[in-house]
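Here the structure comes first, spelled out in structure tokens, and everything after it is commentary.
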There are 2 protein chains.
Amino acid sequence: MKSSVSPSSLRCSQCSLGKLCLPVGLDPGDMHRLEEIIESSKSYKQSESVYRAGDEFRKIYAVKSGLFETVATDANGNEHIIGFHLPGELFGLDAIYSGRYISTPVAVTSSVACSIEYSELSDLATKLPSLQNQLMCLMSKEVHSSHSGVGEYTAEQKIAGFILSLSMRYQQRGYSATRFQLLMPRKDIASYLSMAPETVSRMFRRLVSDGILEIHQTEVNIKDMDHLKAVTGHIPADRVFFSS
Amino acid sequence: MKSSVSPSSLRCSQCSLGKLCLPVGLDPGDMHRLEEIIESSKSYKQSESVYRAGDEFRKIYAVKSGLFETVATDANGNEHIIGFHLPGELFGLDAIYSGRYISTPVAVTSSVACSIEYSELSDLATKLPSLQNQLMCLMSKEVHSSHSGVGEYTAEQKIAGFILSLSMRYQQRGYSATRFQLLMPRKDIASYLSMAPETVSRMFRRLVSDGILEIHQTEVNIKDMDHLKAVTGHIPADRVFFSS
DNA sequence: CGAACAATTGAACCGATTCAAGATGCGTGG
DNA sequence: CCACGCATCTTGAATCGGTTCAATTGTTCG
């Protein structure tokens, strides 16, 4: 039996999301059926949580505007930021396995998100192979991103990599790659990167004094992208891989 | 439209794999159709690689026996171990997104793996909703595992968590949870945990002198599981989450 | 304007790395 | 079967990066 999905079509070259924050690459008819199961958007005030870790998994969410961060509590009761979710990105996908959400998404600023009942999405994916492929692609990307941060990095490399990751993700969603807002507090960046807030400050200062960045309050301006990439010394989450 | 997939059935309570190293939970007929697309097993000698980072993505692989580790090269040319794959576990899933493998799986000892053409699996999943669900579940588990290691941990916690993770994964596959072989060299454990090989030795020594472990060459014996869990101080990859 | 919180800066401390040396295990050949 | 050589693992001491603690500056908002 010849496969109906060619290898090249497996590649998810365009995972950026339309205004409905869902994968594109579907034909208009399929897209319409997808839109039908998307629930209406909901606004979240600052510090408001979408659901709580431990809640039963039912929906996945897409950020429409603002910023969400996911918080997980470890066995010792310490909270860790395990991810930031920019407009166009999804969260809740990691709950499929256990059937319960493993982290709590919190709105960093006033934000808007929409949701999709996973069981309905799953059903629809059965009927629309291209949607199924998009979903697998999204999940794979998550795995990819999780792994790309692995390794031994200095505090400077982690900060540079963090800024670079935000830059690429904003760019992919159609925003500027060189100017954007750092909406999350320093202590949350610190938690996400597993370092002290003081170190975050010091590394920002170093990157600024090296002429790589400009930072004024929450506003970031990347002055020397090449130099920034050189500092990271690792494979960014969204980097195209090359054969070695 | 009522969903045909109830929320409870979304939970992948039994992700352990049968002798064919693929998800169970399929009815016999479906299982048979799945078996048909599984390619014959292949043996790999020590240090032999299954594919290379950068190769075009076509297949996913399941470990039948032995041990594989995946190696990624960062932008500076440094190699990092980003994962170990025990019998019954899959690798190659992170390549769906980019269409190319991002890491090179290497046999740590003489090992056996089988493969499945992803396009055929993807096609079949369209026809078998339960298979699609199993695939999503597996991917979700990968994301889950990747996140669970996030956070600031001491060298001792990382080593304890590593041993605990292996223990749970071996147990899930029907092996002993307290006695198993540490087939990978210390330097690869060190790379995986982002620490110096010397520190791996020191931490093993500490856990042994605390009466938590016994280690003789590659043989590990967990003497005090509760104490081991207490030392980790984080949420192991396979731990059932609780609401806080 | 002033209070409360967030971010920055400085100095001492600590854990992990690095460098160097010694021990152990293992395959090979005498 | 033992001796040798190589690789891996272990152990010790000095160094370094990041944390911690403490104090200051900056920012936001009632």
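Note on naming: letters A, B, ... go to the chains in the order of the sequence lines (proteins, then strands), and numbering restarts at 1 for each one. Heavy atoms only: backbone and side chains are in, while hydrogens, waters and symmetry mates are out.
- Closest heavy-atom contact between B/Leu67 and B/Ser111: N-OG, 2.9 Å.
- Taking for each of A/Thr154 and B/Val200 the nucleotide of DNA chain D with the nearest heavy atom, the 5'-most of the two is the partner of B/Val200.
- Side-chain nitrogen and oxygen atoms of A/Arg205 include none within less than 4.0 Å of the OP1 or OP2 phosphate oxygen of C/dT8.
- For the pair B/Thr199 and C/dT17, the criterion of a side-chain N or O lying under 4.0 Å from OP1 or OP2 is met.
- Base contact: B/Arg202 has a heavy atom under 4.0 Å from a base atom.
- Residue B/Gln217 places no side-chain atom within donor-acceptor reach of the base of D/dC9, judged by atom type and a 3.5 Å distance cut-off alone.
- With rounding to whole Å, A/Ile159 atom CD1 is found 10 Å from C/dT8 atom P.
- Nearest heavy-atom pair, A/Tyr101 versus A/Arg58, reported as atom, atom and distance to 0.1 Å: OH-N, 3.4 Å.
- Whole-Å rounding puts the A/Ile215 CD1 to D/dT27 C1' distance at 16 Å.
- In this model, no donor atom of one side chain and acceptor atom of the other lie less than 3.5 Å apart for A/Gln46 and A/Ser110.
- With distances taken from any side-chain atom of B/Pro185 to the nucleotides D/dT11, D/dC21, D/dC9, the minimum falls on D/dC9.
- For the pair A/Tyr153 OH and D/dG18 P, the interatomic distance rounds to 15 Å; values are reported in whole Å.
- Here the P atom of nucleotide D/dT10 and the CZ atom of B/Phe204 are 8 Å apart, to the nearest Å.
- Separating the CD atom of B/Gln46 from the C1' atom of C/dG27 is a distance of 13 Å, rounded to the nearest angstrom.
- At D/dC9, none of the side-chain N or O atoms of B/Ser201 fall inside 4.0 Å of OP1 or OP2 (strictly under the cut-off).
- You'll find that the side chain of A/Ala155 is closest to D/dG18, out of C/dA16, D/dT20, D/dG18.
- Under the 3.5 Å distance criterion, with hydrogens and angles disregarded, a donor-acceptor pair is assigned to the side chains of A/Ser115 and A/Glu39.
- Taking atom NE2 on A/His216 and atom P on D/dG26, their separation rounds to 14 Å, with Å as the unit.
- In this structure, B/Asp188 places its CG atom 16 Å from P of D/dA7, rounding to the nearest Å.
- For the pair A/Lys158 and A/Phe162, the NZ or CZ position fails the cation-pi test of under 6.0 Å to the six-membered ring centre and within 45 degrees of the ring normal.
- Between B/Glu219 atom CD and D/dC9 atom P the separation is 16 Å, expressed in whole Å.
- For B/Glu198, whose side chain is taken as the heavy atoms from C-beta onward, the closest listed nucleotide among D/dG18, C/dA16, D/dT10 is D/dT10.
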